[in-house]
Amino acid sequence: MTGHPVSNRDQTSDPPIAGRDLAKADPTVGGRDLSPDRRAFLRGAGLASVAIMVGAPVPFHQNLPTGLIPAALAGTGTLNGKDGLVRLVDRPISAETPAHLLDDTITPTRRHFVRNNGIPPLDMDPGTWTLTVDGQVDQPRTYTIDDLQNSFEVVKLALALECGGNGRAFFDPPATGAQWTHGAVGCSEWTGVRLRDVLAAAGVHPDVVYTAHEGADTHLSGDVGLLPISRGVPIAKAMSGNVLIAFAQNDGPIHPLNGAPLRLVVPGWPGSCSQKWLRRIWLRNRIHDGPKMTGTSYRVPRYPVAPGESVDPADFVIIERMPVKSLITHPANNAETGRTIEVRGHAWSGDRAVAAVDISIDFGATWKPALLDPPPNDGAWQDFRLQLSLPIAGYYEIWSRATDDAGEMQPHAFPWNPNGYLNNSMHRVALRAL
Ligand SMILES: Nc1nc2c(c(=O)[nH]1)N[C@H]1C(S)=C(S)[C@@H](COP(=O)(O)O)O[C@H]1N2
Ligand SMILES: [Mo]
């Protein structure tokens with residue numbers, strides 16, 4: 001990536017690292033003379049994420065080399081409390097959900113994808129956690145989670161969250177970053193208070209244009225002075241009614257890797273706006289410029305570019321709403337089926353409703369409308385289904401194509417861009433009918 005201070009560069013393109021010392025592998029750590037304090041910090045932070053991932057204390061943790069990935073997790077290991085996720089990057093941990101495991105209307109916590117930019121915090125105690133609201137407000141406030149529950153209306157909403165880089169794996173030439181295929185998306189039920197209410201209580205100054213979000217996770221370099229990510233949204237988006245400060249996921253605790261015990265959920269916008277391990281929201285009278293807000297992070301060129309073309313960072317614009325998209329969750333890709341099948345999935349479009357989902361079994365020559373449910377609430381994805389008969393045995397591709405209420409339709413291929421964002425091309429699933 002260009003235009004970034006080295007400390008904030010995106011490290012998600014690192015290959016999975018197992019069985020070697022990350023302090024040596026990570027150029028932001030290696031070559032520095034680490035103080036004993038810094039070493040202890042790195043070990044502690046590594047220990048925290050390891051304990052979270054294996055789901056058990058690590059008795060000999062003092063012997064664990066800094067950043068070493070335990071064998072249980074190297075390569076094929078599973079994440080504690082997650083089911084069937086495919087790990088794309090080990091450090092920071094990034095894992096997607098295969099499409100056929102996203103068949104539920106409400107994504108179970110164990111199947112919600114994980115995208116980390118740094119090291120999760122050691123302490124996720126909901127009893128002592130605080131959130132500070134400050135910046136351009138009349139009255140800066142600090143709340144415990146209890147305070148939030150007692151001061152504001154508590155609401156539960158199904159909210160779709162999709163990483164801005166979902167679909168990146170299909171760009172050619174390859175775009176830098178985690179090679180998400182289809183599964184950096186989920187729609188859990190989140191319980192919390194509205195960001196709008198919390199900001200209103202603090203008194204939003206008239207000159208506020210942007211929010212700025214900070215979490216308790218730490219930078220991969222171990223430097224406590226650096227945030228791994230701090231993004232924000234325009235104040236109008238923050239004041240819309242379905243942006244939540246959430247303390248529960250699917251009526252249970254938020255998964256540690258999904259931001260326990262408190263996170264933002266900003267539906268319809270890049271997942272990166274939804275700060276996990278939320279500690280602070282400050283209001284600003286200019287566009288926020290925290291890590292991953294600037295340069296080419298979560299930004300796309302303002303004009304079409306040829307694949308592989310380099311673009312002046314000054315010509316990038318911040319991604320706002322995510323585009324219309326659909327996901328086939330049944331049948332699974334490469335399934336063997338009978339000749340009568342039900343096709344199922346979900347469709348969504350940032351800040352809009354989906355108006356139609358069409359299905360093709362003949363490589364797009366003809367399309368049939370699927371039955372489409374309304375969303376349970378604004379910001380949720382919508383289920384679709386269609387019964388189909390396949391004429392003879394053989395290889396088929398099921399294609400799905402959503403159109404939203406503004407008339408925007410999924411394209412066959414989304415234009416290449418340097419960081420591989422916003423790929424909302426039609427979903428295709430292969431099957432063999434017997
Ligand atoms: N504090 C913090 N918040 C974060 C991130 C992070 O690394 N740290 N990653 C962001 C990105 S890029 C995405 S896509 C979503 C992913 O949320 P999930 O891991 O719960 O699926 O969290 C966002 N919030
Ligand atoms: Mo993301």
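FYI, side chains are in, hydrogens and waters are out, and symmetry mates aren't considered; it's all heavy atoms of this structure. In each ligand, atom 1 is the first atom listed, and ligand 1 is the first ligand listed.
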- Task: Inspect the contact between E408 and R352 and indicate whether a charged nitrogen and a carboxylate oxygen are less than 4.0 angstrom apart.
- Result: yes
- Look at the aromatic rings of W381 and W348 and report parallel, tilted or perpendicular, splitting at 30° and 60°. tilted
- Message: Taking the side chain as everything from C-beta on, heavy atoms only, tell me whether P120 gets closer than 4.5 Å to L257.
- Response: yes
Anything under 3.5 Å between an N or O on ligand 1 and a protein N or O? List each pair with its distance, or write none.
from     : atom 1 : to   : atom 2 : distance (Å)
ligand 1 : 1 (N)  : D217 : OD1    : 3.0
ligand 1 : 1 (N)  : D217 : OD2    : 3.2
ligand 1 : 1 (N)  : Q275 : NE2    : 3.1
ligand 1 : 1 (N)  : K276 : O      : 3.0
ligand 1 : 3 (N)  : K276 : N      : 2.8
ligand 1 : 7 (O)  : N117 : N      : 2.6
ligand 1 : 7 (O)  : N117 : ND2    : 2.9
ligand 1 : 8 (N)  : D217 : OD2    : 2.6
ligand 1 : 9 (N)  : R115 : O      : 3.2
ligand 1 : 9 (N)  : N117 : ND2    : 3.1
ligand 1 : 17 (O) : R263 : NH2    : 3.3
ligand 1 : 19 (O) : R115 : N      : 2.9
ligand 1 : 19 (O) : K276 : NZ     : 2.5
ligand 1 : 20 (O) : N258 : ND2    : 2.8
ligand 1 : 20 (O) : R263 : NH1    : 2.6
ligand 1 : 21 (O) : H112 : ND1    : 3.2
ligand 1 : 21 (O) : F113 : O      : 2.6
ligand 1 : 24 (N) : S274 : O      : 2.9

- Query: Is it true that D134 and R141 have a side-chain N and a carboxylate O under 4.0 angstrom from each other?
  - Reply: no
- Item | NZ/NE/NH1/NH2 to OD/OE distance under 4.0 Å, R321 and D404 | yes
- Task: Please list all pairs passing the ring pair (Phe, Tyr, Trp, His ring centres under 6.0 Å) test where one or both residues lie in residues 236-274, with sequence neighbours left out.
- Result: none
